[in-house]
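Reading through the structure tokens given below for one structure.
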Amino acid sequence: GEGYYQNIYGAGNSFNLGLNDHVTLGGGLVGPVGAFINVKVGIKLANYVTVAAGAIVGNSFFPLGGNNFGAGLGFAVVTFGNLDHNITVGTGYGFMDSKGSARWQDKPLYVANGMIRVAQKFALVTENWIANVPVGWLDGSGSGQKHYDTFFSYAFRYMGQRNTLDAGFLNTPELINSGWYIGIPYIGFVIRFGKYKEE
């Protein structure tokens, strides 16, 4: 019965609702481009250890590059810590559906995220992904070969009872090499609804 609405950059919109203590169902829109649905199942193994697995699948509203485009990801993660201080690590396999043919990615992606509460309503957060992407993906100068690249973020989080605001930066080694030393500004917020508990 607890849920939340999330907005990223004003264009990414998603809703998630806890169906019970273990299953979350959601979906959203990526601007005017496409939509997605997601499901996650989580289990608390110990006081400070939680595991979860799920999937996300999306599709474009109209042809991109001359064909319909879809994508999906199956993932598994484990979280260590509590609501104030935590680290999450995990992995996932994605697929692309182009021209009516689905193709799984050659290699998995990895995630490592964390949060440290520094005051009653403020925290430092980071989300980091290691993904197998084409060489020169940023400027299109690649030769078709792929390599693992790191995508990382660091942000300041304000946490209210009904809303959360993140403000920070996204970056990659390729962006740093292009002169974006601090990264691309990032902003997002969450609004809670439903039967959430006051904390």
Side-chain angles (χ1 to χ4, degrees), residues 1-43 50-79 88-113 115 125-134 137-138 146 149-153 155 157 163-168 170 172 184-194 196:
E2 179 179 354
Y4 65 88
Y5 161 73
Q6 182 176 27
N7 182 281
I8 299 174
Y9 284 131
N13 299 277
S14 65
F15 289 89
N16 284 275
L17 178 67
L19 302 182
N20 54 43
D21 287 344
H22 304 289
V23 180
T24 301
L25 182 65
L29 301 172
V30 183
V33 177
F36 63 90
I37 59 173
N38 59 273
V39 62
K40 184 174 73 171
V41 179
I43 300 173
T50 302
V51 296
I56 179 171
V57 179
N59 203 75
S60 61
F61 290 136
F62 48 83
L64 299 175
N67 65 88
N68 288 328
F69 178 81
L73 176 73
F75 63 88
V77 294
V78 57
T79 299
T88 298
V89 294
T91 186
Y93 255 104
F95 72 86
M96 298 287 186
D97 186 354
S98 179
K99 298 181 180 178
S101 177
R103 181 176 60 85
W104 286 94
Q105 297 300 98
D106 298 331
K107 297 180 180 180
L109 65 83
Y110 303 96
V111 297
N113 309 325
M115 184 188 93
V125 295
T126 179
E127 292 192 12
N128 310 278
W129 308 266
I130 302 174
N132 191 39
V133 297
W137 63 269
L138 185 62
K146 292 185 177 181
D149 208 347
T150 304
F151 300 77
F152 55 93
S153 71
R157 173 171 292 172
N163 53 70
T164 299
L165 174 68
D166 286 351
L170 304 172
T172 73
I184 300 173
Y186 163 85
I187 189 165
F189 66 88
V190 169
I191 299 175
R192 301 168 69 183
F193 63 84
Y196 69 89

Minimal heavy-atom distance between Ser153 and Leu170, with the atoms involved, is CB-CD2, 3.3 Å

Between CG on residue Asn7 and CD1 on residue Ile187, distance to nearest 0.5 Å:
9.0 Å

Using atom types as modelled and distance alone, determine if a side-chain donor or acceptor of Thr88 lies under 3.5 Å from a backbone N or O of Asn113.
no

Any side-chain heavy atom of Tyr9 within less than 4.5 Å of one from Ile184?
yes

Where Phe36 and Ser14 come nearest, the two heavy atoms and their spacing:
CZ-CB, 3.7 Å

Gln6 CD to Thr164 OG1 distance, which is reported to the nearest 0.5 Å
9.5 Å

Is any side-chain heavy atom of Val89 closer than 4.5 Å to a side-chain heavy atom of Val78?
yes

With the side chain counted from C-beta on, respond yes when Thr50 and Val77 share a heavy-atom pair under 4.5 Å apart, and no when they do not.
no

Could you check if a side-chain atom of Gln105 sits within less than 4.5 angstrom of a side-chain atom of Asn132, using non-hydrogen atoms only?
no

Heavy-atom side-chain contact between Phe189 and Asn163 under 4.5 Å:
no

Residues at least two apart in sequence or cross-chain that pass side-chain hydrogen bond (donor to acceptor under 3.5 Å, both in side chains) with Thr126, listed by chain then number, are Asn128

Stepwise, does the side-chain contact (heavy atoms from CB on, under 4.5 Å) test hold for Leu17 with Phe193?
CA-CA 9 Å; Leu17 178 67; Phe193 63 84; 4.3 Å; yes

Where does the angle between the aromatic ring planes of Tyr93 and Trp104 fall among parallel (under 30°), tilted (30 to 60°) and perpendicular (over 60°)?
perpendicular

Distance-minimising heavy-atom pair for Phe151 and Thr172:
CD2-CG2, 3.2 Å

Is any side-chain heavy atom of Phe75 closer than 4.5 Å to a side-chain heavy atom of Val111?
no

All N/O donor-acceptor pairs, side-chain side in residues 18-34, below 3.5 Å, sequence neighbours left out:
from  : atom 1 : to    : atom 2 : distance (Å)
Asn20 : OD1    : His22 : N      : 2.7
Asn20 : OD1    : Val23 : N      : 2.8
His22 : ND1    : Gly42 : O      : 2.9

